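A short write-up of the structure that comes next.
Predicted model, so just to flag it, every value in this text is computed and none were measured.
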Amino acid sequence: MHDLPNRSLAVQRSALQSGALIPLKTNVISGPDERFQLRRLISATPKHLTKAGPKPNPFRPWDPRLEVACLPQHVVLLNKYPVQAGHLLLITKQWQAQADWLQASDWEALSAVWAQQPGFWFFNSSAAAGASQPHRHLQLLPRVSGQPPCPLAADFEALAQGGSPRWPWQQAAAARQLNSACSAEVLEACYQELAVALGLGAATNDERPKHPYNLLLCNKWMAMVRRQKESHAGFSVNALGFAGYMLATEASDMAWLASSGGDALLDQVSC
């Protein structure tokens, strides 16, 4: 795996030409408050966001036109339906369940990719946490030096530094401070500590997490949010919702969001 950012750009160009890459058209609209970024989906709703009918596994086999890099046990792919250009997926080559614990090999692969491509990682543990596929996949949004990882970064940084929750949904969140040089072993240990703190259980004792959750990771902190349901008022919420990114579709109740606010939406879908 060499020069991942340039390789990603080259694959994006060829995948756009072949039709393998289908960026979603959105526009930024006035959010529920200045802490959130709200986009309205202009494109037709992709099949992976609809709930009707069986869903084929797009990773077995994966589309080679979207492949950016190959690791011993994982593959890096472009997200077929990105909102942000360069959105990457880190998937397991062999079937691993999204709802099971992340393993040491996942953290080793994440670290190898992260060493070449700075960015903001997130993970949706199951359908109830916003996962569109049950085959294990972590996701990376590239970031340039100095660019904030996400709109709610300050909220999680405050939690990671020992601050008290400012919003009700933060009662369902836990965060730990990190530095950019953390090893895969340190990241895995932090992940397990957060799981215990939120009552998800422990990988050494429990076959799989006891509750759905979202994971968010940047070079300063790791955060986890315990979930109770995937959507409210027509808004599907995955880890990016807790990062401060919201996506409105035809099903979304914009009047409810305008009157209640973004934090109220996160209250409804977290524990």
Side-chain angles (χ1 to χ4, degrees), residues 1-26 46 48 57-96 98 102-124 131-133 135-151 153 178-188 190-191 215-223 238-240 243 245:
M1 183 173 64
H2 301 288
D3 199 5
L4 187 63
N6 284 331
R7 168 66 179 163
S8 178
L9 288 172
V11 175
Q12 286 178 65
R13 288 192 293 267
S14 63
L16 282 169
Q17 292 174 352
S18 69
L21 187 63
I22 307 174
L24 297 182
K25 295 180 181 180
T26 65
H48 75 280
N57 185 345
F59 305 141
R60 295 192 75 187
W62 60 85
D63 188 338
R65 297 173 297 174
L66 298 175
E67 183 178 320
V68 176
C70 190
L71 288 77
Q73 298 183 51
H74 296 73
V75 175
V76 180
L77 304 176
L78 288 172
N79 183 353
K80 184 177 182 68
Y81 300 104
V83 171
Q84 178 196 309
H87 183 165
L88 297 174
L89 305 178
L90 178 64
I91 73 165
T92 55
K93 290 181 177 177
Q94 302 300 321
W95 164 261
Q96 295 289 340
Q98 187 80 347
L102 293 177
Q103 301 172 1
S105 59
D106 298 314
W107 292 108
E108 290 165 3
L110 182 152
S111 294
V113 173
W114 210 8
Q116 292 200 31
Q117 176 59 75
F120 176 61
W121 289 92
F122 65 98
F123 177 76
N124 309 310
S132 60
Q133 303 295 337
H135 186 130
R136 186 169 306 156
H137 60 288
L138 294 104
Q139 306 190 53
L140 174 64
L141 297 178
R143 295 288 183 263
V144 298
S145 178
Q147 182 182 8
C150 64
L178 295 175
N179 63 64
S180 58
C182 282
S183 65
E185 292 77 13
V186 170
L187 292 173
E188 184 179 18
C190 185
Y191 163 72
L215 189 71
L216 305 96
L217 173 63
C218 71
N219 62 355
K220 292 185 177 180
W221 46 263
M222 181 188 292
N238 65 11
L240 290 183
Y245 297 109

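With K80 contributing its side chain and A20 its backbone, the two residues share a donor-acceptor pair below 3.5 Å.
Here the straight-line distance linking atom CG of L187 with atom CG of L110 works out to 6.5 Å at 0.5 Å rounding. A distance of 6.5 Å separates CG in L138 from CH2 in W121, rounded to the nearest 0.5 Å. One distance of note links CG of N124 with CD of Q133; it measures 11.5 Å at 0.5 Å rounding. Separating the CG atom in L9 from the CG atom in D3 is a distance of 9.0 Å, to the nearest 0.5 Å. Interatomic distance, N219 CG to N179 CG, rounded to the nearest 0.5 Å: 9.0 Å. For the atom pair CZ of F123 and CG of L90, the computed distance is 10.5 Å after rounding to the nearest 0.5 Å.
Of all heavy-atom pairs between Q84 and L141, the closest is OE1-CB, 3.7 Å. Counting all heavy atoms, side chain and backbone alike, L4 lies closest to V68 at CD1-CG1, 3.3 Å. A243 and L216 get closest at one heavy-atom pair: CB-CD2, 3.6 Å. The minimum heavy-atom distance linking F120 with L217 is given by the pair CD1-O, 3.4 Å. Closest approach of L66 and A15 over heavy atoms only: CD2-CB, 4.0 Å. In terms of heavy-atom proximity, P149 sits nearest to C218 at CB-CB, 3.8 Å.
Applying the side chain to side chain donor-acceptor pair (under 3.5 Å) rule to pairs touching residues 61-78 yields W62-E67, D63-R65, H74-D106, sequence neighbours excluded. Judged as a side chain to side chain donor-acceptor pair (under 3.5 Å), the pairs with a partner in residues 12-21 (not counting sequence neighbours) are, in order, S8-Q12.
Scored by the side chain to side chain donor-acceptor pair (under 3.5 Å) test, Q139 finds H87 as partners (sequence neighbours excluded). With sequence neighbours excluded, the residues that form a ring-ring contact (aromatic ring centres under 6.0 Å, His included) with F59 are H135, H137. Taking the side chain to side chain donor-acceptor pair (under 3.5 Å) definition, one finds that Q103 meets it with nothing, sequence neighbours left out. Scanning for side chain to side chain donor-acceptor pair (under 3.5 Å) contacts around E185 gives S183, with sequence neighbours left out.
Judged by distance alone, the side chains of Q117 and R7 never bring a donor and an acceptor atom under 3.5 Å apart.
Contact of the V83 side chain with the Y245 side chain is not registered, since no non-hydrogen atoms from C-beta on lie closer than 4.5 Å. For the pair L215 and L102, the minimum side-chain heavy-atom distance is below 4.5 Å.
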